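None of the values given here were measured: they were computed from a predicted structure. A, B, ... follow the sequence lines: proteins, then strands. Residue 1 opens every chain.
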Amino acid sequence: MRNRRGWSRFPRILASTLPLGLRVNNDVNLCQAYAQCRNVAPRHCRIEGREAVLYHPFPTPGDRTDIKRARVACPVVATQIEILGRDA
Amino acid sequence: MALGSTSERAIVVGAGLAALRGAEAMREAGFSGPLAIVGAEPYRPYDRPPLSKHVLTGEIQADATTLPSSLGSDVDWHLGSPAVRLDRGSRTLHLASGCGLSYDRLLIATGTRARPWPNPHEGQLAGVFTLRGRDDAVALRQALAAGPKRVVVIGGGLIGCEVASACRRLDLPVTLVQLGSAPLARALGRYIGTIVGAMHESRGVDLRLGFEVEWLEDVGGRFVAAHLTDGTRIAADVAVIALGAVRNTEWLDGSGLSFDVGGVDCDADGYVLDVDGRPDPMVAAAGDVARFPHPLYGGRRIAVEHWGHAVAQGARAGRLLAGGNPEQSYATLPAFWSSQAGVTIKSAGLTEGADAMTIAHGDVASGRFLILYGREGRCIAAVSVDCGRWLPAYAALIAEEAPFPPKGAATDRAKPLDILAPGLS
Ligand SMILES: Cc1cc2nc3c(=O)[nH]c(=O)nc-3n(C[C@H](O)[C@H](O)[C@H](O)COP(=O)(O)OP(=O)(O)OC[C@H]3O[C@@H](n4cnc5c(N)ncnc54)[C@H](O)[C@@H]3O)c2cc1C
């Protein structure tokens with residue numbers, strides 16, 4: 001899906017409907033827009049303007065491998081994730 | 001003062017960012033006793049920064065802002081019922097629900113709330129909003145999604161500017177009214193405020209600088225226009241009051257602790273002081289609500305209302321209460337970011353009292369630059385606009401109170417730095 005400005009849109013998920021999943025938070029103070037997360041997980045992170053990295057904060061369970069990879073790829077370790085549910 | 005036996009109880013008051021990081025730190029420090037978290041709102045701790053950004057544009061749903069956490073199921077959550085009274089004599093925290101909880105260690109992290117519009121009748125009109133919590137963001141998002149013919153934002157601080165930005169991203173006509181001569185001037189100075197103000201104007205924000213909104217007009221209880229002190233009437237159907245925050249300290253009335261609307265007072269370790277200035281070794285405070293002596297600012301008590309501060313001070317207070325190893329005084333450099341007008345603004349240090357500044361990196365014309373602020377010949381703060389990668393280098397200069405202007409520092413200038421006036425009065 002693309003919105004007007006051509007960024008791919010995140011799926012609009014209602015967090016409360018997810019039985020299992022992830023929560024993602026980016027420490028923007030640490031983040032320096034190296035954008036490695038975007039390179040390894042392009043469906044879940046995007047760059048806005050010149051240096052704002054935006055994660056979808058609540059991806060679906062199937063996305064966890066991508067998100068974990070994005071976390072390790074970050075040179076300044078700005079990404080925090082929590083894996084919800086039993087098979088974490 | 002360690003939380004010795006597992007029968008000792010800890011309570012965290014407030015269920016926001018500082019509270020969450022504090023509770024996690026207690027557990028990480030090995031505290032395994034009963035841990036209760038008391039929150040006025042019905043939600044688990046969530047992230048506020050998206051509320052004035054992507055939640056307003058509809059790109060992120062408000063309920064997707066719940067914060068990641070390492071806490072397990074061994075936490076007793078009391079959500080939706082604020083603490084109303086603290087009795088330190090019997091070490092009991094009373095909740096609005098009537099429930100009384102006893103504690104051996106208490107962390108105060110009740111944060112702030114939006115400063116209300118001074119006229120209570122006008123503040124409650126349909127179409128008038130403030131923005132602090134999730135419910136506020138949901139209500140404002142709904143109003144914006146309905147396609148108002150104009151939005152008036154009252155106040156040009158960080159949140160006011162972000163709201164105006166979100167309105168433009170939604171293609172909504174927006175007027176931002178700011179009493180000062182530039183947006184963000186109080187936090188960052190007139191120099192940078194003027195530059196960012198021009199960025200907002202180029203994106204279509206109608207900036208009214210040097211004006212005050214005198215009153216809000218309504219028809220049958222619904223807001224229809226804002227009236228400026230010079231008599232101008234701005235017709236609009238949404239007004240956002242963004243006039244800063246007041247600390248949530250009323251519940252400490254009668255506790256014997258030292259507090260006022262500016263925060264609750266702590267010592268350099270993080271313990272809360274009583275009215276006679278003695279630390280209570282059972283009680284600590286962290287985040288927006290805490291006023292503490294910062295070693296970098298001559299030990300003057302300051303309260304810092306930023307995300308990174310809530311994380312760092314919350315975690316430190318958690319370790320303190322759990323009896324971890326003694327640490328040095330809390331000295332984390334205040335830092336924040338803001339996304340607005342298509343740029344990322346980041347700051348390290350406090351600009352307050354700056355008497356000089358220099359553009360140390362980049363240039364204003366390109367829209368990417370970093371400004372370093374000095375006071376009495378020392379580096380005190382740095383602000384980057386789309387130039388964040390250079391910020392840590394300057395944060396280091398600030399932390400070591402390096403001379404201003406910096407000599408031989410990593411600027412990208414061949415010539416000596418131009419010294420300018422920051423416009424902080
Ligand atoms: C819209 C918005 C956007 C922001 N954007 C940024 C940004 O881009 N960058 C940045 O650095 N900072 C930003 N901030 C600031 C940052 O979010 C705060 O500094 C941070 O949330 C402070 O955390 P805290 O835990 O101290 O307070 P809070 O997050 O306010 O948490 C306090 C909690 O205590 C609860 N509470 C209050 N009274 C009681 C009581 N009597 N009993 C029990 N519970 C109570 C409240 O309900 C609340 O949940 C933003 C803030 C807002 C509101």
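Heavy atoms of other residues, nucleotides or ligands lying less than 6.0 angstrom from CZ of A/Arg71 number 12 at most.
The most heavy-atom pairs under 4.5 Å with chain A, out of B/Ala335, B/Gly308, B/Pro50, B/Pro49, come from B/Ala335. With respect to chain A, the highest number of heavy-atom pairs below 4.5 Å among B/Pro68, B/Ser339, B/Gly342 belongs to B/Pro68.
With a 4.5 Å cut-off on side-chain heavy atoms, B/Val311 and A/Asn29 do not count as touching.
At a 4.5 Å heavy-atom cutoff, A/Val76 makes no contact with chain B through either its backbone or its side chain. Residue contact with chain A, scored on non-hydrogen atoms closer than 4.5 Å, involves the side chain of B/Asp47 exclusively. Of the atoms belonging to B/Pro392, it is side-chain heavy atoms, and not backbone ones, that fall under 4.5 Å from chain A. Contacts of B/His54 with chain A are made by side-chain atoms alone, with heavy-atom separations under 4.5 Å and no backbone atom involved.
Using modelled atom types, no side-chain atom of A/Arg50 and backbone atom of B/Val385 make a donor-acceptor pair closer than 3.5 Å. Although no hydrogens or angles enter the test, the distance criterion places a donor-acceptor pair under 3.5 Å between the side chain of B/Lys346 and the main chain of A/Val28. Between the side chain of A/Glu51 and the backbone N or O of B/Gly388, at least one donor-acceptor pair lies under 3.5 Å. A donor-acceptor pair under 3.5 Å links the side-chain atoms of B/Arg389 to the main chain of A/Gln32, judged by distance alone.
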Would you please test A/Glu48 and B/Lys53 for salt bridge (Lys or Arg N to Asp or Glu O under 4.0 Å) and show each step?
CA-CA 12 Å; A/Glu48 289 186 356; B/Lys53 307 174 182 78; over 6 Å; no
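Atom CG of B/Leu391 sits about 11.0 Å away from atom CG of A/Leu30, to the nearest 0.5 Å.
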